Amino acid sequence: MWKYSDKVMDHYRHPRNVGKIDDADVIGEAGSLACGDSLKLYLKIKDGVVTDAKFQTFGCGSAVASSSILTEMVIGKPVEEVRKITNADIARELDGLPPEKMHCSVMGHEALEDALKKYYDEEIEFEIPSGTQSRIICTCFNVTEDIIKQEIEQNNLTTVEEVTNYTKAGGACGKCKSTIQSIIDKYAKTNDKPKLSPAQLILKINKVIENVIAPELQKDGGDIELIDIDGNKVYVKLQGRCSSCKNSVLTIKSFVETSLRDKVSSEIEVIQI
């Protein structure tokens, strides 16, 4: 049984902004009923600011929660700020999602991306390479190589299991898993960061914790202390409200470890003291 944060359960049981906007300026879509999850995101935009957002989702509780929190994240925000939202931001706003449910936050991001592309198409002409078409890797869920590549690069995925969690690819018959592995081998290497000396590694980890991770935790009354670094193992202690939070494991894995892997090294493992 997967463990869900209180925020996920709250947005699942009491979803915000459910429904549709009849005179929406743009509608973003992601997923499909054939794949088990689908989302329509309706946006009203005035003077470059999202003034209203509603959604219609068919899917599991995590899909509903991700869609619900997304509407709260975009309402009242300038479009230029909204377009910077990632699936990791959606999961973080929910205080984390189980790894097997990360594809729900990805679906929310894809719907937002689809809506904003339609909005900007009215003003900006996108340059699309001619004669290019991404091949379908997972025929069960209609997942293309471009989608897998994007999630590998944006979320620093390194295993087939992680790709399945984020995209569903390989989650049915499994025949495409060897192909997914070859895509990981191809694109994950491009994300490798320069090899750091032990001293450089310690300094960089310290910097990310102090300037990126700690400020985010402090917003909710929490904090974090770096205890020790042993190779790629980083030992930390959560403080404040985070120390007594029942979702501390999700905070460590979904936020702290993900941030350090993204900004320092994909080999980092964060261990809570």
Side-chain angles (χ1 to χ4, degrees), residues 1-9 62 65-66 69 86-106 151-166 181 184-185 187-273:
M1 183 69 179
W2 295 306
K3 185 176 181 180
Y4 296 100
S5 71
D6 290 340
K7 266 193 176 181
V8 171
M9 297 306 299
S62 296
S66 296
I69 197 81
T86 66
N87 73 281
D89 294 327
I90 296 170
R92 189 154 48 244
E93 283 293 317
L94 288 169
D95 292 337
L97 282 170
E100 297 85 357
K101 292 295 182 179
M102 282 301 294
H103 63 269
C104 295
S105 66
V106 172
E151 296 309 319
I152 288 172
E153 293 178 340
Q154 288 186 353
N155 298 288
N156 200 27
L157 309 184
T158 58
T159 67
V160 174
E161 182 181 6
E162 288 175 336
V163 169
T164 301
N165 290 339
Y166 277 75
Q181 183 61 59
I184 292 171
D185 294 340
Y187 294 113
K189 291 178 181 178
T190 63
N191 275 347
D192 286 346
K193 296 173 174 62
K195 187 71 174 178
L196 299 174
S197 69
Q200 289 174 322
L201 184 66
I202 292 171
L203 287 172
K204 195 159 187 179
I205 289 171
N206 254 312
K207 185 176 180 180
V208 172
I209 289 177
E210 290 179 0
N211 299 332
V212 178
I213 297 172
E216 285 298 319
L217 296 179
Q218 289 163 3
K219 289 179 182 178
D220 294 320
D223 209 340
I224 188 170
E225 179 186 358
L226 177 61
I227 302 298
D228 194 13
I229 299 173
D230 182 10
N232 289 313
K233 293 184 177 180
V234 179
Y235 297 86
V236 301
K237 182 179 181 181
L238 292 177
Q239 299 178 327
R241 291 180 63 184
C242 291
S243 63
S244 58
C245 178
K246 62 183 179 181
N247 296 311
S248 59
V249 175
L250 286 174
T251 300
I252 290 292
K253 292 299 177 182
S254 297
F255 177 48
V256 179
E257 187 173 270
T258 298
S259 297
L260 288 173
R261 285 184 173 184
D262 180 51
K263 298 182 182 299
V264 182
S265 169
S266 61
E267 298 177 353
I268 282 181
E269 178 187 1
V270 176
I271 301 170
Q272 181 180 357
I273 300 297

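A quick note: this is a predicted structure, and the numbers were derived from the prediction, not measured.
Minimum heavy-atom separation, Gly96 to Ser5: O-OG, 4.1 Å. When all heavy atoms of Val212 and Lys263 are compared, the pair lying nearest together is CG1-CE, 3.9 Å. Counting all heavy atoms, side chain and backbone alike, Ala214 lies closest to Asp223 at CB-OD1, 3.8 Å. Residues Lys101 and Leu97 approach most closely at O-CD1, 3.8 Å, considering heavy atoms. The two atoms that bring Ile90 and Ser105 nearest to each other are CD1-O, 3.6 Å, heavy atoms only. Taking every heavy atom of both residues into account, Asn156 and Glu162 meet most closely at O-OE1, 4.4 Å.
At least one donor-acceptor pair under 3.5 Å links the side chain of Arg261 to the backbone N or O of Ile268. At least one donor-acceptor pair under 3.5 Å links the side chain of Glu257 to the backbone N or O of Val270.
The structure places CD1 of Ile273 at 9.5 Å from CD1 of Ile252, a figure rounded to the nearest 0.5 Å. We find the CG-CD1 distance between Leu260 and Ile209 to be 5.5 Å, quoted to the nearest 0.5 Å. From Thr258, atom OG1 reaches atom CZ of Arg92 across 8.5 Å, with rounding to the nearest 0.5 Å. Atoms SG and CG, on Cys104 and Asn87 in that order, are 11.0 Å from each other to the nearest 0.5 Å. Going from atom OG of Ser62 over to atom CE of Met9 covers 9.0 Å, rounded to the nearest 0.5 Å. Distance CD1/Ile224 to CD/Gln239: 8.5 Å, rounded to 0.5 Å.
Side-chain contact check for Glu161 and Asn165: no donor-acceptor pair (N or O, by modelled atom type) lies under 3.5 Å.
For the pair Gln218 and Arg241, the minimum side-chain heavy-atom distance is 4.5 Å or more. No side-chain heavy atom of Ile271 sits under 4.5 Å from any side-chain heavy atom of Ile227. Contact annotation: the side chain of Gln181 approaches that of Asp185 to within less than 4.5 Å [non-hydrogen atoms, C-beta and beyond]. In this structure, Asp95 and Val8 have side chains that are not in contact, with every pair of non-hydrogen atoms separated by 4.5 Å or more. Annotation: side chain of Leu217 is in contact with side chain of Thr251 (closest heavy-atom distance under 4.5 Å).
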Side chain to side chain contact (heavy atoms under 4.5 Å, CB included), that's the test. Do Leu226 and Val236 meet it? Break it down for me. CA-CA 5 Å; Leu226 177 61; Val236 301; 4.2 Å; yes

Ile152 and Ile184: CA distance, side-chain angles, deciding distance, side chain to side chain contact (heavy atoms under 4.5 Å, CB included) verdict: CA-CA 7 Å; Ile152 288 172; Ile184 292 171; 3.8 Å; yes

Under the criterion side chain to side chain contact (heavy atoms under 4.5 Å, CB included), I'd like the reasoning laid out for Lys233 against Glu267: C-alpha separation, chi angles, the key distance, then a yes or no. CA-CA 9 Å; Lys233 293 184 177 180; Glu267 298 177 353; over 6 Å; no

